[in-house]
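Okay, structure first, notes after.
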Amino acid sequence: MGTLMPLRGIARAAAAMLLLFAAACQTVSLDSARDHKPGNGIVAFKFVTNSYLTVIFQDHWTWATIADEAGKSFTFTAVTEGMTRSALYVGSVPPGRYHFTGFEGKLAFASAKPNERLGNFLVEAGRVTFLGTLIEHANQDRFVLPGVNSRTYLLYDPKPSPDGLTAVLNILFPGLQGVDLDPVTFIGWDRRRAPVALNLGAFDFVRRSSRGLIDPVELADGSIAFGSVLGQLRLWHPDRGWRNLDVGLNRGIEAFAELPSGAWLVGGEMGMLRRSFDHGASWHDVKSDLPYGVVHDLNVLDGGTVYLTHYRGTEFALYRAAGDLGHWERVQSATFEPAGRTWGSAVQGLTTRVHGGHLYTTLPHSRLAVFDPATRRSTLHDMPGPLMSPLRIAPDGVMRGTFAVFVAHNPYLSRDGGGSWHGANITRYAHMPGFRDKSFGMAIGVPSLTQRRSSVLVTRDGGTTWSEAAAAPHVGLRWIGFSNRAGVAFATDDISRLYYSRDEGRTWTEDSVPPPGAPAPKPASQSAALFPRR
């Protein structure tokens with residue numbers, strides 16, 4: 001293990017590094033090689049929200065604070081570049097024993113007060129202490145851990161693994177280049193000093209109950225695949241229920257595709273791109289020369305050519321690869337303004353759909369990129385406003401979406417591939433309109449600031465008229481879609497419960513039990529919860 005040298009060029013990564021707070025609340029900014037002492041150690045850990053609104057507000061968690069045994073505090077700012085459901089914290093601190101004192105964010109509910117008896121860990125000079133992943137998990141559904149009564153708490157990974165940390169640090173922190181970080185020493189938690197027995201069963205249970213359920217894809221066998229946090233692929237079948245697959249990297253899954261050969265692809269944050277030839281039993285990296293960033297969508301065209309949507313910071317790019325996926329060709333790129341995010345646009349602001357052999361990508365904020373694989377040409381169209389719900393393309397090619405226009409969320413449609421947009425004949429409180437065929441479709445009616453209930457709306461004439469079919473199964477639905485093979489409509493909510501209907505939306509059944517083989521852990525002598533909700 002090499003000795004950490006003074007970090008050069010660290011000023012370029014100042015926004016991603018830490019602020020040093022003295023006990024008297026005097027702030028010192030650790031943003032240059034002058035501020036870093038060779039005798040310090042490096043602390044790194046990941047933070048994942050596996051709770052309510054996980055996929056929308058991760059960027060609102062902004063800093064974490066630790067303190068040494070003398071009470072001196074160090075505040076780490078979150079790094080979210082190339083991440084969607086995780087945050088990375090990295091900083092330089094003097095050697096010693098530390099514990100967490102809090103996680104804070106931009107919103108009122110983004111705050112967690114730790115139990116200061118827990119979370120004791122050791123930092124050594126000239127070494128990297130990697131604490132693995134901290135998981136915020138909320139008791140807001142049936143995934144309740146015995147002996148834990150708090151509404152929200154954090155669990156730590158008792159067996160931290162590097163998960164590509166060295167490469168990520170060198171990419172995100174230019175000042176670390178040239179410093180010997182390989183092999184990194186993963187000291188992790190000081191088990192001798194921690195007063196609580198680590199509950200491995202609790203950690204595994206929370207991981208297998210990972211949330212997200214974004215952008216479902218139907219498989220050949222009728223199962224529906226959802227990406228989720230913590231490297232977990234969730235599969236649901238209308239008749240067989242849930243399955244859970246671990247893709248081997250503890251990263252959020254944003255994209256899934258089934259290839260004509262039957263192989264599976266998953267993509268996600270921190271440059272993750274993996275393939276399985278055995279239906280998820282084993283996974284292999286196929287990132288090849290793809291740069292660091294988020295793989296947000298995967299689509300298959302041209303008899304097997306794979307297209308993926310990729311972004312990092314404010315740069316979007318479309319890549320494609322054929323055959324063994326050994327080389328990724330950049331075929332389209334664009335930049336977008338880093339404007340303030342609106343409700344929901346953190347996820348829906350960048351989405352690629354396929355129709356008629358073309359790829360349609362919605363760009364933050366209010367642009368639509370259309371790529372023609374045959375000519376390799378792309379065009380840009382203006383959308384009515386920031387996209388507030390996923391863009392949907394019906395079988396007849398009509399595009400529908402809800403956009404933030406004049407403060408309100410208004411539904412629009414386009415019949416010419418995004419070239420022009422017109423107000424849709426549906427209430428502006430109807431979200432996520434999707435179509436099973438040219439005639440039948442569903443939407444969720446969400447009254448705003450009224451006493452009316454949320455409802456399921458249906459149309460049988462291609463969207464010309466809509467009527468209420470039933471009360472919505474849940475107020476916080478994030479997606480509504482159809483299973484072609486089973487004739488089932490389904491919807492998911494903010495905490496990954498799934499509801500399905502076999503009678504065109506008139507009645508709904510909830511299916512949110514843990515996947516088979518994932519029983520709740522036995523109670524430990526003390527809870528593994530680190531941070532009870534304040």
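Using cut-offs of 30° and 60° on the angle between ring planes, the pair Phe371 and Tyr307 is tilted. Using cut-offs of 30° and 60° for the angle between ring planes, the His310 and Tyr319 rings count as perpendicular. Between Trp264 and His279, the angle of the ring planes stays under 30°, which puts this pair in the parallel group of the 30/60° scheme. Taking the six-membered ring where the residue is Trp, Phe482 and Phe440 present perpendicular rings, their angle passing 60° and hence far from 30°. Taking the six-membered ring where tryptophan is involved, the planes of Tyr89 and Phe47 are perpendicular, since the angle between them exceeds 60° and thus also 30°. Ring geometry, His284 versus Phe277: the interplanar angle falls from 30° to 60°, so the pair is classed tilted.
Under the 3.5 Å distance criterion, the side-chain polar atoms of His358 are matched with a main-chain donor or acceptor of Gly356. A donor-acceptor distance shorter than 3.5 angstrom exists from the side chain of Ser414 to the backbone of Ser420, with no hydrogens or angles considered. The backbone N or O of Leu391 lies less than 3.5 Å from a partner atom in the side chain of Arg353, making a donor-acceptor pair. The backbone N or O of Ser282 sits less than 3.5 Å from a side-chain atom of Ser276, completing a donor-acceptor pair. In this structure a side-chain-to-backbone donor-acceptor pair under 3.5 Å is missing from Asp372 to Arg376. Remark: the backbone N or O of Trp328 is paired with a side-chain donor or acceptor of Asp289 at under 3.5 angstrom. Ser483 places no side-chain N or O within donor-acceptor distance of the main-chain N or O of Gly487, the cut-off being under 3.5 Å.
The distance from atom CD of Gln332 to atom OG1 of Thr352, rounded to the nearest 0.5 Å, is 8.5 Å. In this structure, the separation between OH on Tyr292 and CD1 on Ile171 is 7.0 Å, given to the nearest 0.5 Å. Atom CZ of Phe45 sits about 12.5 Å away from atom OG of Ser86, to the nearest 0.5 Å. Atom OG1 of residue Thr335 and atom CZ of residue Phe316 lie 11.0 Å apart, to the nearest 0.5 angstrom. Note that the CZ atom of Arg497 and the CG atom of Leu213 stand 11.5 Å from one another [nearest 0.5 Å]. Taken to the nearest 0.5 Å, the CD1 atom of Ile42 stands 9.5 Å off from the OG1 atom of Thr129.
Between Thr80 and Leu88, the closest side-chain pair of non-hydrogen atoms is not below 4.5 Å. Residues Leu380 and Leu368 form no side-chain contact, since every pair of their non-hydrogen atoms from C-beta on lies 4.5 Å or further apart. Using a 4.5 Å heavy-atom threshold, the side chains of Arg85 and Glu254 count as touching. Side-chain atoms of Phe76 and Val90, non-hydrogen and from C-beta on, never get closer than 4.5 Å to each other. With contacts defined as side-chain heavy-atom distances shorter than 4.5 Å, the pair Leu387/Tyr412 does not qualify. In this structure, Leu233 and Asn244 have side chains that are not in contact, with every pair of non-hydrogen atoms separated by 4.5 Å or more. Residues Phe256 and Phe226 fail the side-chain proximity criterion, which asks for heavy atoms closer than 4.5 Å. Using a 4.5 Å cut-off on side-chain heavy atoms (C-beta onward), Leu134 and Val48 make no contact.
A pairwise comparison of heavy atoms in Val266 and Leu298 identifies C-CD1, 4.0 Å as the closest pair. Between Arg275 and Leu265, the closest heavy-atom pair is CB-CD2, 3.5 Å. Of all heavy-atom pairs spanning Ala78 and Ala87, the tightest one is CB-CB, 4.0 Å. Nearest approach of Leu273 to Gly267, heavy atoms of both residues: CD1-CA, 4.1 Å. Nearest heavy-atom pair, Arg400 versus Gly463, reported as atom, atom and distance to 0.1 Å: NH2-CA, 4.4 Å. Across Tyr360 and Gly417, no two heavy atoms sit closer than the pair CE2-O, 3.6 Å.
The pair Arg312-Glu81 meets the salt-bridge criterion, with a side-chain N (NZ, NE, NH1 or NH2) lying under 4.0 Å from an Asp/Glu carboxylate O. In summary, Arg330 and Glu315 engage in a salt bridge, as defined by a charged side-chain N under 4.0 Å from a carboxylate O. Under 4.0 Å is where a charged nitrogen must lie from a carboxylate oxygen, and between Asp221 and Arg240 at least one such pair does. For the pair Arg320 and Glu329, the salt-bridge criterion is met [side-chain N within less than 4.0 Å of a carboxylate O].
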(message) For a side-chain contact (heavy atoms from CB on, under 4.5 Å) check, start with the C-alpha distance between Ile393 and Val398, then their side-chain angles and the critical distance, and finish with the verdict.
(response) CA-CA 6 Å; Ile393 304 180; Val398 177; over 6 Å; no
(request) Test Asp511 against Tyr500 for side-chain contact (heavy atoms from CB on, under 4.5 Å), laying out the working first. (result) CA-CA 8 Å; Asp511 190 353; Tyr500 65 93; 4.0 Å; yes
(request) Would you please test Tyr311 and Thr361 for side-chain contact (heavy atoms from CB on, under 4.5 Å) and show each step? (result) CA-CA 12 Å; Tyr311 73 91; Thr361 301; over 6 Å; no
(request) Dump the intermediate steps for side-chain contact (heavy atoms from CB on, under 4.5 Å) on Leu457 and Ile444, then the final yes or no. (result) CA-CA 6 Å; Leu457 306 177; Ile444 301 298; over 6 Å; no
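For the residue pair Glu218 / Ser223, no side-chain donor-acceptor distance below 3.5 Å is found, with atom types taken as modelled. Remark: the His381 side chain and the Arg367 side chain contain no N/O donor-acceptor pair separated by less than 3.5 Å.
If you run side chain to side chain contact (heavy atoms under 4.5 Å, CB included) between Met272 and each of Val295, Val247, Asn250, only Val247 comes through.
In this structure, Arg392 satisfies the cation-pi test against Trp479, with its NZ or CZ atom closer than 6.0 Å to the six-membered ring centre and inside 45 degrees of the ring normal.
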